[in-house]
Amino acid sequence: MFRPKLPTMPQPTGRVIPPDVVEPSTITPGIPTPPAPVAPVPSRPTVQLTPGTALALVGGGTAVVLVVGAVLVSMLLAVAITGASVAVCALVIRSLVNADAKRR
């Protein structure tokens with residue numbers, strides 16, 4: 001009763017195409033090529049962190065944290081306000097139902 005009934009797969013109709021036969025090919029060894037020359041590695045780092053860029057990074061990170069924090073706090077506040085309003089509506093409906101039941 002509680003076991004699901006699985007549908008059976010229908011048999012294929014029409015023409016069934018057999019798979020293609022793959023024929024092996026021969027491998028001929030080639031002449032090895034010499035490795036390409038490697039570019040020299042620069043002696044200094046590519047990213048230089050100056051006091052101005054460090055200050056910009058700190059300011060940008062602070063701005064991102066403040067914006068994300070404001071968005072999260074506003075979402076939490078929206079959930080709290082919605083929950084409070086639903087609770088008030090539930091109390092009003094319960095009092096209306098109880099008052100209606102006492103009048104009868």
Side-chain angles (χ1 to χ4, degrees):
M1 179 175 158
F2 293 109
R3 294 188 181 192
K5 294 182 180 178
L6 301 175
T8 57
M9 292 295 293
Q11 296 298 322
T13 58
R15 198 176 88 184
V16 178
I17 302 171
D20 294 334
V21 178
V22 178
E23 297 179 4
S25 62
T26 58
I27 299 174
T28 57
I31 301 170
T33 58
V38 179
V41 178
S43 61
R44 63 185 181 97
T46 57
V47 177
Q48 291 182 349
L49 194 61
T50 62
T53 56
L55 188 61
L57 285 174
V58 169
T62 303
V64 167
V65 167
L66 288 176
V67 168
V68 170
V71 168
L72 291 177
V73 166
S74 64
M75 289 173 62
L76 180 64
L77 186 61
V79 169
I81 291 172
T82 304
S85 65
V86 167
V88 168
C89 289
L91 289 175
V92 168
I93 290 173
R94 187 176 73 175
S95 68
L96 289 175
V97 168
N98 285 341
D100 190 37
K102 287 181 181 179
R103 262 189 256 153
R104 290 183 182 185

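Bear in mind the structure is a predicted one, so any value in this text is a computation, not a measurement.
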Here the side chain to side chain donor-acceptor pair (under 3.5 Å) pairs for residues 52-75, sequence neighbours left out, are T50-T53
Under a side-chain separation threshold of 4.5 Å, the hydrophobic residues clustered together with V79 are none
Members sharing V65's hydrophobic cluster, built from side-chain contacts under 4.5 Å between Ile, Leu, Val, Met, Phe, Trp and Tyr, are none
Output for pair (L72 CG, L77 CG), nearest 0.5 Å, gives 12.5 Å
